[in-house]
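Worksheet: the structure to be examined is printed underneath.
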Protein chains: 2
Amino acid sequence: MPPIKVKMLDPAQQAGTGQSGPEGRAPARTRIQREKQDVILEAALDVFSREGFRGATIDQIAEAAGMSKPNLLYYFPRKEEIYNRLLTGMLDTWLQPLRELDDVGDPVAEIRSYIRRKLEMSRDFPRQSRLFANEMLQGAPRMLDLLETDLKALVDEKAKVLEGWMEAGKIRRTDPYHLIFAIWATTQHYADFDVQVRAVLGQGRGGEGRFEDAARFLEHLFMHGIFPHEG
Amino acid sequence: MPPIKVKMLDPAQQAGTGQSGPEGRAPARTRIQREKQDVILEAALDVFSREGFRGATIDQIAEAAGMSKPNLLYYFPRKEEIYNRLLTGMLDTWLQPLRELDDVGDPVAEIRSYIRRKLEMSRDFPRQSRLFANEMLQGAPRMLDLLETDLKALVDEKAKVLEGWMEAGKIRRTDPYHLIFAIWATTQHYADFDVQVRAVLGQGRGGEGRFEDAARFLEHLFMHGIFPHEG
DNA sequence: CAGATTTTTGACCAGTTGGAAAAAACGTTA
DNA sequence: TAACGTTTTTTCCAACTGGTCAAAAATCTG
């Protein structure tokens, strides 16, 4: 008998939940498949970041992606797989700025550029920030272990770096964990609470310049605080 | 004919959307009605703050409130009315600390106590904070006008107070709006991202003491910033 | 072009959702 | 206890939900 031609499998399998084959499956076989999946993920980011997992519907995502629901399900057989792909794929890039916080660099420059990069991410990828925030608000049901392992390990490591700088008198002695939280909070605020920021700043100051203003202010805040006359 | 006895109306009407009677209707007629409504609102806060408006279901709320769905609908005929009641009722108390920021007080003490009170609210009313955050993430579809009018007005007013203090050299000259955003962001972070905070701090430091630590850190941050050697 | 494969579509389904209607149960008070 | 208003439950419904399936359409390959 002739050799059986093994053609492509159902693309739906590739994002498999782990029960349909060995590990390490390629993310997408053909260019077309990869493109369609990207379109779907892009549309899903839009919807999920607004509505959260439960609030988002496959129909919404399909419409935003310009395809029919069954067609979308051909590429991602479960709603949850789209969501998980977005979450995990995002967390990595999201934490990149923190990873780059460099032990050997100048503390002042390092922290300033960390704040700046985080703020830029809020400006350039607000939906990713909101997706993440949404997951947090729900108690991180699909991410908790990642937070407790990977994220905690990374923050522990960087907290040590900060502590080293404190020991060396390069930065003020304070709680490194809460310092990191403060940087996260102040920068991500401009993505997650963007509506509020714009509503409060109004027509004039709520325009594109608001990120510059925020950057200036945050630098000021983290450098000197807001009260003069050091104690 | 005998005088018609006008007894209580359908309690559902009291939260009316405005189309069933004159303005200024009493919020609840009897003690029982008020209690039931409170139970419902309490349960709804739980569910809405986790799942957002779309993600929450009446069934979930009804179960959390210990009653049947139709029974719940007897008190609040629409899902949206529960949500709106929570939102508007909350915003008021939520902004109370800012309202109390006093022109005539000592700037340092005023701002410190504002930060402390906001942090206490995150500790004591995290669900309210998350409900609000959820609405923001969705683009504040049911709150935008409130933000643009009431909230903006309040912040404008308090920004002027801060500017006055800056003119007087009481606090460092910086952007008052972004200062307020920074206080909001850093304090509410401990409610909205509570899971993350606890996951990162781990068993040891993620316990009840974390709010004390946060308070100490934030005071430090806003007072001095994190870099020594003032420029 | 023919055959095989991949992609898309339309019809469909069971479970859930917000909500309506009506009847039953309960509480007051004359 | 009867009458009346209030509260609760039962039953029901149409629209929406995530997802299936087979067939049709489009694409690729030789």
Side-chain angles (χ1 to χ4, degrees), chain A residues 1-17 20 26 28-40 43-44 47-48 51-84, chain B residues 1-17 20 26 28-40 43-44 47-48 51-84:
Chain A
M1 64 180 168
I4 298 163
K5 231 179 186 171
V6 177
K7 283 284 175 95
M8 267 180 251
L9 300 171
D10 180 356
Q13 287 194 20
Q14 83 211 17
T17 48
S20 59
R29 316 252 158 181
T30 75
R31 180 181 51 83
I32 295 166
Q33 286 179 12
R34 225 175 300 122
E35 280 175 9
K36 291 269 173 168
Q37 288 192 2
D38 285 351
V39 170
I40 292 171
V47 180
F48 279 132
E51 312 278 1
F53 180 74
R54 283 225 50 197
T57 75
I58 300 184
D59 284 287
Q60 282 176 12
I61 300 171
E63 198 195 326
M67 65 182 71
S68 66
K69 178 168 63 172
N71 196 188
L72 182 149
L73 287 166
Y74 170 68
Y75 291 102
F76 290 92
R78 321 252 136 221
K79 181 186 176 186
E80 204 160 338
E81 277 174 34
I82 314 177
Y83 187 76
N84 285 336
Chain B
M1 63 182 167
I4 297 165
K5 228 179 189 172
V6 177
K7 283 281 176 104
M8 269 178 251
L9 300 171
D10 182 355
Q13 286 194 21
Q14 84 211 13
T17 46
S20 60
R29 315 252 159 181
T30 74
R31 182 180 50 84
I32 294 165
Q33 286 178 10
R34 226 174 300 123
E35 282 174 8
K36 291 266 173 171
Q37 288 191 1
D38 285 352
V39 170
I40 292 171
V47 180
F48 278 132
E51 312 278 2
F53 180 75
R54 283 226 50 198
T57 75
I58 300 183
D59 285 286
Q60 285 177 55
I61 300 171
E63 198 196 326
M67 65 182 71
S68 68
K69 177 169 62 171
N71 196 187
L72 182 148
L73 286 166
Y74 169 69
Y75 291 101
F76 290 92
R78 321 251 135 219
K79 181 186 175 184
E80 202 158 341
E81 276 172 35
I82 314 177
Y83 187 76
N84 285 338

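Note that these values count all heavy atoms, side chains included, but never hydrogens, waters or copies made by symmetry. Keep in mind the model is a prediction, meaning the values are calculated, not measured. Letters go in sequence order (proteins before strands), and every chain restarts at 1.
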Q. Would a distance-only check, ignoring hydrogens and angles, find a side-chain to backbone donor-acceptor pair under 3.5 Å from B/Lys36 to B/Asn71?
A.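 No; zero donor-acceptor contacts below 3.5 Å.
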Within this structure, what is the [atom1]-to-[atom2] distance between [X] and [N], rounded to whole angstrom?
X	N	atom1	atom2	answer
A/Tyr83	D/dT17	OH	P	18 Å
B/Met67	D/dT10	CE	P	15 Å
A/Glu81	D/dG18	CD	C1'	13 Å
A/Ile40	C/dT7	CD1	C1'	12 Å
A/Lys36	C/dT8	NZ	C1'	8 Å
A/Tyr75	C/dT9	OH	C1'	13 Å

Q: Could you check whether the rings of A/Phe53 and A/Phe48 sit parallel, tilted or perpendicular, using 30° and 60° as the cut-offs?
A: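 Aromatic pair A/Phe53/A/Phe48 classed parallel.
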Q: Please assess B/Arg54 against A/Thr57 for the test side chain to side chain contact (heavy atoms under 4.5 Å, CB included), listing each intermediate value before the final yes or no.
A: CA-CA 10 Å; B/Arg54 283 226 50 198; A/Thr57 75; 3.6 Å; yes
Does [X] make a side-chain N or O approach to OP1 or OP2 of [N] shorter than 4.0 Å?
X	N	value
A/Tyr74	C/dT7	yes
A/Ser68	C/dT9	yes
A/Asn71	C/dT7	no
A/Gln33	C/dT6	no

Q.
Just to verify, what does B/Glu63 make a side-chain hydrogen bond (donor to acceptor under 3.5 Å, both in side chains) with, not counting sequence neighbours?
A.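 Applying side-chain hydrogen bond (donor to acceptor under 3.5 Å, both in side chains) to B/Glu63 gives none.
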**Q.** Stepwise side chain to side chain contact (heavy atoms under 4.5 Å, CB included) test for A/Met67 and A/Ile40
**A.** CA-CA 9 Å; A/Met67 65 182 71; A/Ile40 292 171; 3.8 Å; yes
Q) Can you give one letter per nucleotide of nucleotides 11-21 of chain C, 5' to 3': B if a protein heavy atom sits under 4.0 Å from the base, S if only from the sugar-phosphate, - if neither? A) B-----SBBB-
Q | A/Asp59: partners by salt bridge (charged side-chain N to carboxylate O under 4.0 Å, His left out), with sequence neighbours left out | A |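 Scan of A/Asp59 (salt bridge (charged side-chain N to carboxylate O under 4.0 Å, His left out), adjacent residues dropped) gives A/Lys69.
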